Chemist: 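Below are the structure tokens for one structure; questions will follow.
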Amino acid sequence: MATISYDKMEGSIWYNGEMLPWEDAQAHVLTHGLHYASSVFEGERVYEGEIFKLAEHTDRLINSATLLDFKIPYTAEEINAACRETVLQNNIVDGYVRPVAWRGSEMMGVSAQENRINLAIAVWQWPSYFDPEMRSVGIRLKTSKWRRPDPRTAPVHSKAAGLYMICTLSKHAVEAEGYDDALMLDWRGQVAESTGANIFFVIGGKLHTPIPDCFLDGITRRTVIDLANARGYEIVERVIMPEDMADATECLLTGTAAEITPVGEIDDYRFKPGAITAQLIEDFDNLVRRKAAA
Ligand code: PMP
């Protein structure tokens, strides 16, 4: 996606309270977060200079850290201000914000009681995650062999770096076969989400979506539920088995990066972006872009 490596871009990165030149925002190789995945992060979008649902993202970041048993040494207000300052400093109008918090180098072992908690915030220009042309036909997904873990196995409601290991494996495996993304089932074999977005199906004119009991209840997912309610579309949160996809006419992914992305195909199932998908995309665009909403 980027033509140059992310560590070589230009700009400023907020790092433990300081605004550093991009290339100086470094972490040592003996960093607990790198070795033991003691790292949590956020992904936020900037639309027309404003971070969409910043407060919700910051609260989730703080909660993600709590679920990994560490405390970010800044208040929500301080983190919000730092995110806004980084957007301004880098003149980002439409882009992406990546706050990341991780355990440092003071102890190098499973126990990490003394490690400093670091926080960095980077921002960059970012267009659509999936090819915008795919909005008319939908992207192609294939079911992964990896499954979202049981909540007794991992802190599933944390946006924790370690939980993305199976996402990268899943996405690489299907990309090798020419697909855009992978569908992930959960540990019970129920439809869960994609590798970086939640999923909805239109079945009988209603929006069906899995219960987020072992994966992120995405901020975009909740936004889309609000938009659907405002339109009078019925939302059904329920267990969705893979074979239930045979009843679906439309399918869409929701996420900060994915926004609302129509899906045209999952394995042998076919969907066609229709009226409900189009309406939700229009409502979402109006919500995030103040000019359009004004
Ligand atoms: N699931 C996963 C695995 C994700 O990475 C994301 C993106 N953060 C989501 C769902 C959607 O969450 P949100 O709408 O809050 O971006």
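Because the structure is a prediction, the values reported are computed rather than measured. Whatever order the structure lists ligands and atoms in, that order sets their numbers, starting from 1.
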Chemist: Backbone N or O of Arg98 within a donor-acceptor pair of the Glu42 side chain at under 3.5 Å?
Modeler: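 Pair absent, no side-chain N/O of Glu42 close to backbone of Arg98.
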Chemist: Under 4.0 Å from a heavy atom of Glu193: which atoms of ligand 1 are those, numbered in the order shown and with their elements?
Modeler: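 It comes down to these atoms of ligand 1: 1 (N), 2 (C), 3 (C), 10 (C).
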Chemist: Specify the protein heavy atom at minimum distance from atom 13 (P) of ligand 1: its residue, its atom name, and the distance to 0.1 Å.
Modeler: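 For atom 13 (P) of ligand 1, the nearest protein heavy atom is Ile219 N, 3.5 Å.
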Chemist: Without swapping roles, check the side chain of Thr31 against the backbone of Ala27 for a donor-acceptor pair under 3.5 Å.
Modeler: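 Side chain of Thr31 to backbone of Ala27: no pair is present.
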Chemist: Any donor-acceptor pair under 3.5 Å linking the side chain of Asn90 with the backbone of Ile92?
Modeler: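 No, the answer is negative, given that no donor and acceptor are paired below the 3.5 Å cut-off.
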Chemist: Considering heavy atoms of the protein only, find what lies nearest to atom 14 (O) of ligand 1 and give residue, atom and distance to 0.1 Å.
Modeler: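 Result: Thr220 OG1, 2.6 Å.
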Chemist: Is there a polar contact, in the sense of an N or O pair closer than 3.5 Å, between Thr254 and ligand 1?
Modeler: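 Not met; the criterion fails.
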Chemist: If you have a sec, work out which protein heavy atom is nearest atom 12 (O) of ligand 1 and how many Å separate them, to one decimal?
Modeler: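 Atom 12 (O) of ligand 1 sits closest to the protein heavy atom Gly218 CA, 3.4 Å.
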Chemist: Which heavy atom in Arg221 sits nearest to a heavy atom in Pro212, and how many Å separate them?
Modeler: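 Looks like NH2-CD, 3.3 Å.
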Chemist: Side chain, backbone, both or neither: which part of Ala197 comes within less than 4.0 Å of ligand 1 when only heavy atoms are counted?
Modeler: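 Looking at Ala197 and ligand 1, just backbone atoms fall under 4.0 Å.
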Chemist: Can you check which of Lys159, Arg222, Lys53, His57 brings a heavy atom nearest to atom 8 (N) of ligand 1?
Modeler: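 Among Lys159, Arg222, Lys53, His57, the closest heavy atom to atom 8 (N) of ligand 1 belongs to Lys159.
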Chemist: Does Lys142 offer a backbone N or O that forms a donor-acceptor pair with the side chain of Asp267 under 3.5 Å?
Modeler: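 No: the side chain of Asp267 does not pair with the backbone of Lys142.
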Chemist: If you group Ile, Leu, Val, Met, Phe, Trp and Tyr whenever their side-chain heavy atoms sit less than 4.5 Å apart, what else falls in with Trp187?
Modeler: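 Direct or chained contacts put Trp187 with none.
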Chemist: Name the option, out of Ile166, Asn198, Thr195, that contains the heavy atom nearest to atom 11 (C) of ligand 1.
Modeler: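 Of the listed residues, Asn198 has the closest heavy atom.
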Chemist: Do Arg148 and Glu193 meet the salt-bridge criterion of a basic N to acidic O distance under 4.0 Å?
Modeler: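 A salt bridge is present here (some side-chain N lies under 4.0 Å from a carboxylate O).
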Chemist: Tell me whether the rings of Trp124 and Tyr96 are parallel (<30°), tilted (30 to 60°) or perpendicular (>60°).
Modeler: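 Trp124 and Tyr96: tilted rings.
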Chemist: Suppose we measure from atom 7 (C) of ligand 1 to each protein heavy atom; which comes out shortest, and what is that distance?
Modeler: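 Answer, as residue, atom name and distance: Gly196 O, 3.4 Å.
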Chemist: Among all protein heavy atoms, pick out the one at the shortest distance from atom 16 (O) of ligand 1; state its residue, atom name and that distance to 0.1 Å.
Modeler: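 Of every protein heavy atom, Thr256 OG1, 2.6 Å lies nearest to atom 16 (O) of ligand 1.
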Chemist: At a 4.0 Å threshold, what atoms of ligand 1 neighbour a non-hydrogen atom of Tyr164?
Modeler: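 Near Tyr164, the atoms of ligand 1 are 2 (C), 3 (C), 4 (C), 5 (O).
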Chemist: Can a non-hydrogen atom of Arg60 be found less than 4.0 Å from any atom of ligand 1?
Modeler: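 Within the 4.0 Å threshold, so yes.
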